[in-house]
Every structure is written in structure tokens, then in C-alpha cells.
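Bear in mind the structure is a predicted one, so any value in this text is a computation, not a measurement.
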Amino acid sequence: MGVMCYTQSQREVIVMPKIKPISDLRNYSEVLNDVAVGSPVFLTKNGRGKYAIIDIDEYERIQAKMTLLDELLKGKTSGEERGWIPSEDIRREFMVCEPHD
């Protein structure tokens, strides 16, 4: 995790990002050791942000969220263009009937 700072008035923890110059990649294993889920390392080139190194699990979660958001947007667009399906029809379509004794 990055450097933790505490604000006295709000009693919240602020995690400062890990920012390193790209030249630190000469010792890449040290840079990679600083990467963790929820704690990427940001690399700068000429003093400006250029790259972010993130944990693969975090990358996969981000990709899954982006895919889900894209599908939700497609559904919203379809509903707006072609009309919405009434919730009763959806419930009827997916209703599960269990056998009674």
C-alpha cells in the first residue's frame, strides 16, 4: 500500500499513491514488489504521469466491470430505442415453479 496519511478533523485515512520515475525500472523487481491489489504503482516520464502498473487480479476485475457496464449500456440503449419489456413479462419468463408434495 502507499503512504498512509490521517486527517485530524475527519478521521479518515488517505492512501497516497506510489509514484516513481520510469528510471526506477532499472531495478524492476523492487518496483513490482510495491504493486498490490488496490495499490498500483504510477511511473512518470519527464515528471509527468505515463504508466500505471497494477496487480493482475485488479486488472481482471476492472476488465470484468467494463464488460458489464458495456452490456448494461447496450441494454439501456435497446430499451430506449425499441421499448422496455414490462417487469411482469420478465417475471413470468423467469418464474421458477417447484413441485409440491
task = Before giving the answer on side-chain contact (heavy atoms from CB on, under 4.5 Å), spell out for Val41 and Asp24 the whole-Å C-alpha distance, their side-chain angles and the decisive distance to 0.1 Å.
result = CA-CA 11 Å; Val41 172; Asp24 278 11; over 6 Å; no
ask   = When hydrophobic residues are tied together by side-chain contacts of less than 4.5 Å, even through go-betweens, does Ile53 share a cluster with Ile22?
value = yes
task = Take Asp34 and Lys20 through the test side-chain contact (heavy atoms from CB on, under 4.5 Å) and record every step on the way to the result.
result = CA-CA 10 Å; Asp34 285 342; Lys20 299 177 179 258; 2.7 Å; yes
query = With the 4.5 Å side-chain cut-off for hydrophobic clustering, are Leu68 and Ile62 part of the same group?
reply = no
message = Please check this pair: side chain of Asn33 against backbone of Ser29, looking for a donor-acceptor N/O pair closer than 3.5 Å.
response = yes
ask   = Arg91: what forms a salt bridge (Lys or Arg N to Asp or Glu O under 4.0 Å) with it, not counting sequence neighbours?
value = none
query = Quick one: do Met66 and Ile54 end up in the same hydrophobic cluster if we chain Ile, Leu, Val, Met, Phe, Trp and Tyr together by side-chain heavy atoms under 4.5 Å apart?
reply = yes
ask   = How would you list all residue pairs meeting side chain to side chain donor-acceptor pair (under 3.5 Å) that involve residues 56-69, not counting sequence neighbours?
value = none
ask   = Around Ile19, counting heavy atoms of other residues, nucleotides and ligands shown, do more than 12 lie under 6.0 Å from its CD1?
value = yes
request  = Check step by step if salt bridge (charged side-chain N to carboxylate O under 4.0 Å, His left out) holds for Arg92 and Glu88.
outcome  = CA-CA 6 Å; Arg92 196 170 24 257; Glu88 298 80 29; over 6 Å; no
query = Taking a hydrophobic cluster as the set of Ile, Leu, Val, Met, Phe, Trp and Tyr residues connected by side-chain heavy atoms closer than 4.5 Å, whether directly or through intermediates, do Val35 and Leu43 fall within one such cluster?
reply = yes
Main-chain N/O of Lys74 paired to Ser78 side chain as donor or acceptor, under 3.5 Å = no
